Amino acid sequence: MSEIPNNTDIRTPAPAERSLNFVEQIVEEDLATGKNGGRVHTRFPPEPNGYLHIGHAKSICLNFGLADKYGGKTNLRFDDTNPVTEDTEYVESIKADVRWLGFEWENEFYASDYFDQLYEFAEKLIQKGLAYVDDSTAEEIAAQKGTPTEPGKESPYRSRSVEENLDLFRRMKAGEFPDGAKVLRAKIDMAAPNMHFRDPIMYRIKHAHHHRTGDKWCIYPMYDFAHGQSDSIEQITHSLCTLEFEVHRPLYDWYIQQLEIFPSRQIEFARLNLTYTVMSKRKLLQLVNEGHVRGWDDPRMPTIAGIRRRGFTPASIRDFADRIGIAKRDNLIDVGLLEFCIREELNKTTARVMAVVDEKPLRVVLTNYPVGQVDEVSIENNPEDPSSGHRSVPFSREVYIERDDFMENPPKKYFRLSPGGMVRLKGAYIIKCEEVVKDNAGEIIELRCTYIPESRSGSDTSGINVKGTIHWVSVAHAVEAEVRLYDRLLTVEDPSAEEGDFKSFINPNSLEIVRAYVEPTLKAAKTGDRFQFIRKGYFCIDPDSTDEKLVFNRTVTLKDTWAKEQKKA
RNA sequence: UGCCGGAUCGUCUAAGGGUAGGACGACAGAUUUUGGUUCUGUUUGUGAGGGUUCGAAUCCUUCUCCGGCAACCA
């Protein structure tokens with residue numbers, strides 16, 4: 001009777017009949033033509049240099065979802081070719097985030113697993129006369145590159161012999177040269193219209209400790225020389241990445257072709273953009289480092305960790321990824337869709353509880369209710385789920401309500417309490433406001449009301465019909481709690497469309513911490529538990545919560561058509 | 001000015017010569033002991049011009065607009 005059901009993670013229901021996105025179309029064509037022997041093998045390739053965000057979640061759902069759908073496999077591969085920026089700390093958080101989203105990988109691989117193989121590939125290209133060691137400085141190489149409209153110039157070191165290149169490259173590997181002294185470049189075409197073909201760098205010297213290979217290497221492959229080959233080594237059939245890699249694809253294909261290895265196919269899709277936030281690692285890092293948020297898992301952040309702490313569920317993120325679709329045009333998704341997804345799930349799964357979220361709630365004294373009497377009223381845990389049952393909540397002569405639920409001079413169509421008006425206290429009785437008590441400053445400090453004894457919920461014989469029902473908490477039984485109310489991080493929909501630094505659009509009111517008085521059953525709540533505060537929104541227990549002090553995060557508000565009407569007026 | 005992409009309701013996303021459909025949002029109504037939920041209904045779109053065709057969002061053509069590409073980052 002007094003149990004509050006736990007939230008459980010419901011899997012996304014069987015997908016409704018839906019048309020195929022362009023990646024699925026490609027896969028189905030490949031399957032139909034027998035390409036790759038009917039195999040589908042994808043990979044999710046994060047660089048372990050930061051935390052995952054909801055944009056990565058889109059990619060994770062695409063890659064793992066595709067494999068699930070077509071009976072394939074997905075590898076988790078860390079693209080760890082730059083030891084200077086990467087760290088094991090990120091590896092662990094990334095794995096935790098992928099698992100939290102509900103996916104399990106076939107293999108856990110690292111680009112660094114292939115360093116020996118990649119090195120052999122590089123020697124092979126040297127042997128074929130397709131790569132050379134260049135002594136130019138970074139600046140010189142940049143200058144040689146030309147511009148998008150002007151061809152580049154060939155490096156003076158471009159015509160070294162195969163033997164000399166081999167010798168130099170081996171000595172680079174052996175650590176004979178300092179950082180930046182030399183690079184290995186592919187010998188392609190300095191006049192190519194695609195900038196990436198203008199003798200791209202394959203290897204650079206970095207005397208740096210690698211999180212996995214330690215000090216074994218002092219030369220590290222560049223992205224372009226590692227990614228396609230890694231895909232190929234793993235026999236990845238469909239290598240999905242975002243649009244900015246589109247111009248890399250010819251080079252991806254070129255290396256595979258010259259090396260004569262398994263031809264993985266790169267397919268690009270548009271990355272996710274969300275309104276009122278930023279998604280780039282660099283900008284998120286700035287928010288953290290400059291203290292605009294409390295950390296990577298700040299509930300205002302679009303990181304997986306932040307969203308999780310905010311109270312979102314894995315299923316709601318998967319549902320969101322499903323709804324936004326996959327295409328190649330640039331997009332800016334309304335964050336309202338994400339909110340819709342979480343509301344839809346939480347509506348079905350969370351217990352409704354009473355919480356008066358107000359620094360200074362209004363005390364309501366029921367003058368005709370016996371002093372000292374406590375009624376246990378029965379409240380439905382979740383009207384959407386009859387199996388969730390009921391629990392009892394103490395009711396007494398004095399209750400708190402929110403100040404917003406009373407107006408001395410109410411506008412038309414205000415259904416809450418007002419002088420002489422009636423309202424139902426959810427799950428309890430109908431009350432009538434008889435007297436408004438104010439202090440010397442004219443501030444309302446108390447409402448003196450009468451209750452209708454025959455109107456008790458479930459056995460109402462009063463015949464009275466009231467328009468409004470409000471939530472309440474018995475003063476004597478109320479548990480004080482901290483509630484963190486979050487709003488959008490930025491004040492503008494699309495910071496990229498605005499002049500100036502995105503930080504000038506940070507919403508100063510994105511976090512509001514308020515006191516609340518909650519029903520006593522919540523004392524037993526544990527970190528991560530989710531609830532609907534009746535008429536307010538969905539909330540979850542934050543990890544900062546302790547036995548002495550409950551801390552709630554507001555995941556999302558309930559839809560509020562009254563507030564919307566007010567705004568219009 | 002070079003190369004590579006892209007352009008369909010307000011926002012996403014389908015339809016690839018044959019009725020422009022779905023989701024979210026918005027609006028209106030019904031139900032409701034949450035101004036929640038649920039249900040019903042409505043609204044709005046093929047960037048522009050020309051061409052092919054009985055028929056074009058789809059094919060051809062000219063143009064416009066938007067994004068990406070010049071890290072020893074990924």
Side-chain angles (χ1 to χ4, degrees), chain A residues 16-21 45-47 49 79-82 84-86 134 136-138 141-143 145-152 179-185 192-198 201-206 219-220 222-224 226-227 241-250 268 270 275 281 322-334 336-341 343-344 347-348 352 380 383-384 413-416 423-428 430 455 457-458 460 465-471 493 496 532-537 557-566:
Chain A
E17 207 54 47
R18 193 200 49 161
S19 48
L20 302 179
N21 63 50
E47 183 186 14
N49 72 343
D79 222 338
D80 56 351
T81 57
N82 187 356
V84 180
T85 57
E86 294 152 7
D134 194 333
S136 305
T137 64
I141 288 176
K145 207 102 198 182
T147 70
T149 51
E150 304 157 49
D179 287 7
K182 290 176 169 33
V183 291
L184 182 71
R185 287 229 255 174
N194 182 337
M195 300 289 289
H196 296 279
F197 268 42
R198 322 247 263 226
I201 293 171
M202 295 162 58
Y203 268 92
R204 73 290 214 191
I205 301 171
K206 278 181 192 282
I219 57 172
Y220 293 94
M222 297 287 290
Y223 166 84
D224 283 308
H227 202 99
C241 64
T242 45
L243 249 30
E244 66 269 26
F245 292 99
E246 205 153 21
V247 284
H248 293 245
R249 182 169 11 104
E268 310 86 13
T275 54
K281 257 184 214 174
D322 209 52
R323 287 170 185 271
I324 60 178
I326 299 292
K328 295 195 77 159
R329 53 184 163 273
D330 292 330
N331 60 80
L332 178 62
I333 308 284
D334 189 338
L337 182 61
L338 219 207
E339 295 176 344
F340 166 82
C341 292
R343 281 194 193 106
E344 186 170 65
N347 175 51
K348 294 182 207 139
R352 273 58 172 168
E380 236 180 336
E384 303 298 314
K413 295 213 279 187
Y414 181 83
F415 317 148
R416 282 111 98 156
V423 76
R424 174 175 292 281
L425 294 178
K426 172 81 181 174
I430 292 173
S455 67
S457 281
D460 185 349
N465 241 326
V466 291
K467 196 83 169 133
T469 298
I470 63 174
H471 58 283
E493 264 200 346
S496 73
Q532 184 197 96
F533 286 2
I534 291 171
R535 302 207 303 133
K536 302 301 288 183
T557 61
L558 252 31
K559 260 177 41 184
D560 190 346
T561 53
W562 171 246
K564 202 160 55 183
E565 259 178 64
Q566 294 289 284

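All values derive from a computational prediction rather than experimental measurement. Side chains are part of it too, since the values below use all heavy atoms of this structure and drop only hydrogens, waters and symmetry mates. Note on naming: letters A, B, ... go to the chains in the order of the sequence lines (proteins, then strands), and numbering restarts at 1 for each one.
- Residue A/Ser136 is in base contact, counting any heavy-atom pair closer than 4.0 Å across all strands shown.
- In this structure, A/Thr561 reaches the sugar-phosphate backbone alone: every heavy-atom distance under 4.0 Å involves primed, P, OP1 or OP2 atoms, never a base.
- Residue A/Arg204 places its side chain closer to B/C73 than to any other of B/A70, B/U1, B/C73.
- Using a 4.0 Å heavy-atom criterion, one finds that A/Arg343 contacts no nucleic acid atom at all.
- Residue-level contact check: A/Pro151 touches neither bases nor backbone, having no heavy atom under 4.0 Å from any strand.
- For A/Asn21 and B/U8, the CG to P distance is 17 Å, given to the nearest whole Å.
- Using a 4.0 Å heavy-atom criterion, one finds that A/Phe340 contacts the sugar-phosphate atoms exclusively.
- Here A/Arg329 does not reach the OP1 or OP2 of B/G67: none of its side-chain N or O atoms lies under 4.0 Å away.
- In this structure, A/Met202 CE and A/Ile219 CD1 are separated by 10.0 Å, a value rounded to the nearest 0.5 Å.
- Contact annotation for A/Gly537: no contact, since no heavy-atom pair falls under 4.0 Å across all strands.
- OP1 or OP2 of B/U11 has not a single side-chain nitrogen or oxygen of A/Thr275 nearer than 4.0 Å.
- The backbone N or O of A/Asn82 lies less than 3.5 Å from a partner atom in the side chain of A/Glu86, making a donor-acceptor pair.
- OP1 or OP2 of B/A26 lies within a sub-4.0 Å distance of a side-chain N or O belonging to A/Lys564.
- The residue A/Ala327 sits close only to the backbone: its heavy atoms come under 4.0 Å of sugar-phosphate atoms, none of a base.
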Dot-bracket for RNA chain B: what is it, with Watson-Crick or G-U pairs under 3.5 Å, [ ] where a pair crosses earlier ones, and | for a pair to another strand? .((((((..((((....[..)))).(((((.......)))))....(((((..]....))))))))))).....

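- A/Leu425 contributes atom CG, which lies 10.5 Å from atom NE2 of A/His471 (distance to the nearest 0.5 angstrom).
- Side-chain to base pairing of A/Arg424 with B/U33: one donor and one acceptor N or O lie within less than 3.5 Å of each other.
- Taking the P atoms as reference points, B/U62 lies 15 Å from B/G2, given to the whole Å.
- Using atom C1' as the reference point in both B/A23 and B/G45, the two lie 15 Å apart (nearest Å).
- As judged by a 4.0 angstrom heavy-atom cut-off over every strand, A/Tyr414 is placed among the base-contacting residues.
- For B/G36, neither phosphate oxygen OP1 nor OP2 lies less than 4.0 angstrom from any side-chain nitrogen or oxygen of A/Asn347.
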Could you go through the side-chain contact (heavy atoms from CB on, under 4.5 Å) check for A/Val466 and A/Ile430 one step at a time? CA-CA 8 Å; A/Val466 291; A/Ile430 292 173; 3.8 Å; yes

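- Between A/Trp562 and B/G35, a base-stacking contact is recorded: ring centres under 5.5 Å apart, planes less than 30° from parallel.
- Judged by atom type and distance alone, A/Gln532 reaches the base of B/U34 through a side-chain donor-acceptor pair under 3.5 Å.
- Distance A/Asp80 CG to B/C73 P: 15 Å, rounded to the nearest Å.
- Using a 4.0 Å heavy-atom cutoff across all strands shown, A/Arg323 reaches sugar-phosphate atoms only and no base atom.
- As rounded to the nearest Å, B/G29 and B/U13 have C1' atoms that lie 29 Å from one another.
- Backbone-only contact: A/Ile333 has heavy atoms under 4.0 Å from sugar-phosphate atoms and none from a base.
- When heavy atoms are screened at a 4.0 angstrom cut-off, A/Glu384 is found touching base atoms of the nucleic acid.
- Remark: the backbone N or O of A/Ala563 is paired with a side-chain donor or acceptor of A/Asp560 at under 3.5 angstrom.
- B/G25 atom P lies 14 Å from atom CG of A/Asp560, rounded to whole Å.
- Taking atom C1' on both nucleotides, B/G5 is separated from B/C9 by 24 Å, rounded to a whole Å.
- A donor N or O paired with an acceptor N or O is found under 3.5 Å between the base of B/U33 and the side-chain atoms of A/Ser457.
- The backbone N or O of A/Leu337 lies less than 3.5 Å from no partner atom in the side chain of A/Arg323, so there is not a single donor-acceptor pair.
- Taking atom P in both B/G22 and B/U43, one finds a spacing of 12 Å when rounded to whole Å.
- Note that the NZ atom of A/Lys281 and the OG1 atom of A/Thr85 stand 8.0 Å from one another [nearest 0.5 Å].
- Put simply, the side chain of A/Arg198 gets close to the backbone of A/Thr147: a donor and an acceptor are under 3.5 Å apart.
- Note: CG (A/Asn465) to P (B/U33) measures 8 Å, nearest angstrom.
- Between the P atom of B/C73 and the OH atom of A/Tyr203 lies a distance of 14 Å, rounded to the nearest Å.
- Counting any heavy atom pair closer than 4.0 Å across all strands shown, A/Leu332 reaches sugar-phosphate atoms only and no base atom.
- Below 30°, between 30° and 60°, or above 60°: for A/Tyr223 and A/His248 the angle between ring planes is above 60°, a perpendicular geometry.
- Remark: P of B/C73 and NE2 of A/His196 are 14 Å apart, rounded to the nearest angstrom.
- At distances below 3.5 Å, not a single donor-acceptor pair connects side-chain atoms of A/Asn347 with backbone N or O atoms of A/Glu384.
- At whole-Å resolution of the value, NZ in A/Lys559 and C1' in B/A26 are 10 Å apart.
- Between B/U31 and B/G36, the distance separating the two P atoms is 14 Å to the nearest Å.
- When the C1' atom is used for both B/U53 and B/C60, the distance is 12 Å, rounded to whole Å.
- Straight-line distance between the C1' atoms of B/G49 and B/C65: roughly 15 Å, to the nearest whole Å.
- Of the side-chain N and O atoms in A/Lys536, none sit less than 4.0 angstrom from OP1 or OP2 of B/G35.
- In this structure, A/Ile470 reaches neither bases nor backbone, as no heavy-atom distance under 4.0 Å exists between it and the strands shown.
- Residue A/Thr85 is out of contact with every strand shown, counting any heavy-atom pair closer than 4.0 Å.
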